[in-house]
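All residue numbers refer to positions in the sequence shown, counting from 1.
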Amino acid sequence: MTIAVTDSATMLRRNLRHMLRYPSMTGTIIVMPVVFLLLFVYVFGGTLGAGISGAASGRAEYVNYVTPAIIVMTVAGAALTAAVSVSMDLTEGIIARFRTMAIARVSVLTGHVLGTLVQAMASVLVVIGFALLVGFRPSAGFLAWLGVGGVLLAMAFALTWLCVALGQVSKSVETASNLPMPLIILPFLGSGFVPTESLPSAIRWFAEYQPFTPIMETLRGLLFDTPVGGNAIAALGWCAVIALGGYLWSRRLFNREPAR
């Protein structure tokens with residue numbers, strides 16, 4: 001266990017150095033959610049906000065509604081980079097080199113996961129800063145913010161392990177960048193941008209039972225001091241299932257994958 005922790009810390013430093021040397025990927029994680037935030041708040045926010053709140057100040061209401069979805073998209077975008085990083089390591093041959101070294105094998109994957117968690121949380125902080133600039137006004141207290149952080153960490157951990165597995169099954173870096181794209185789209189097919197009640201019946205059923213909807217509703221409840229009901233349990237349950245499945249799938253692929 002001590003060796004695994006030490007080797008994981010070494011791999012974490014390796015991944016953090018890669019992020020510092022190639023900041024464009026982190027920049028993309030931040031830019032895309034910010035563009036969506038500006039688009040939906042300033043172009044669609046007046047109409048959508050009035051439809052949701054029934055108030056004349058629809059844009060001010062809508063920025064509070066849509067920001068949790070933008071935060072979720074930020075985490076999903078950060079997780080996607082794990083698939084790209086793992087695929088790059090496989091195609092460039094460094095994974096084959098690691099397999100020949102006297103290191104804990106799990107540390108190679110753990111380094112990617114921990115590095116992505118750092119990248120995701122840093123990106124979330126920047127996106128929340130932009131949201132505050134355009135009118136986002138949460139009423140959460142200190143404990144509620146801790147809850148928000150916990151939910152986001154659980155989500156990032158789960159999606160990152162899933163993307164690590166997707167990166168290993170991808171035959172190229174391009175495939176690895178495209179395979180996890182549904183994770184970016186799912187908030188649109190949930191309660192991210194409009195309430196599920198406004199969706200057609202078939203889409204509404206999917207929106208209500210897909211993983212991202214309870215996560216976004218939990219974040220809204222925590223950020224604005226409203227009841228979260230069973231959404232928090234569903235959100236953490238989905239995160240646990242995805243994390244466990246992604247971890248087991250990743251370990252199996254890593255142990256069986258031949259050197260490229």
Hey, what do you get for [atom1] ([X]) to [atom2] ([Y]), rounding to the nearest 0.5 Å?
{"X": "Thr67", "Y": "Phe224", "atom1": "OG1", "atom2": "CZ", "value": "7.0 Å"}
{"X": "Ser85", "Y": "Leu80", "atom1": "OG", "atom2": "CG", "value": "9.5 Å"}
{"X": "Ile242", "Y": "Leu159", "atom1": "CD1", "atom2": "CG", "value": "6.0 Å"}

Check for a donor-acceptor pair, side chain of [X] on one end and backbone N or O of [Y] on the other, with a separation under 3.5 Å.
{"X": "Arg59", "Y": "Gly45", "result": "no"}
{"X": "Thr196", "Y": "Ser191", "result": "no"}
{"X": "Thr213", "Y": "Tyr209", "result": "no"}
{"X": "Gln168", "Y": "Ser87", "result": "no"}
{"X": "Asp225", "Y": "Gly221", "result": "no"}
{"X": "Asn255", "Y": "Arg252", "result": "no"}
{"X": "Thr116", "Y": "His112", "result": "yes"}
{"X": "Thr74", "Y": "Val124", "result": "no"}

Check your understanding: Got more than 12 heavy atoms from elsewhere within 6.0 Å of CD1, Ile233?
Key -> no
Review point. Is atom CH2 of Trp205 surrounded by more than 12 heavy atoms (other residues, nucleotides or ligands) closer than 6.0 Å?
Key: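 Result for CH2/Trp205: open.
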Point to revise | Check against side-chain hydrogen bond (donor to acceptor under 3.5 Å, both in side chains), Thr81 and Gln119 | key: CA-CA 9 Å; Thr81 66; Gln119 189 179 38; 3.0 Å; yes
Check your understanding: Are Arg220 and Tyr65 in a cation-pi setup, meaning NZ or CZ lies under 6.0 angstrom from the ring centre and within 45 degrees of the ring axis?
Key ->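 That pair qualifies as a cation-pi contact.
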Exercise for review: Carefully, step by step, assess Ser107 and Thr110 under the rule side-chain hydrogen bond (donor to acceptor under 3.5 Å, both in side chains).
Suggested key: CA-CA 5 Å; Ser107 66; Thr110 304; over 6 Å; no
Review point. Is the Phe188-Phe212 ring centre distance short of 6.0 angstrom?
Key: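 Not under 6.0 Å, so no.
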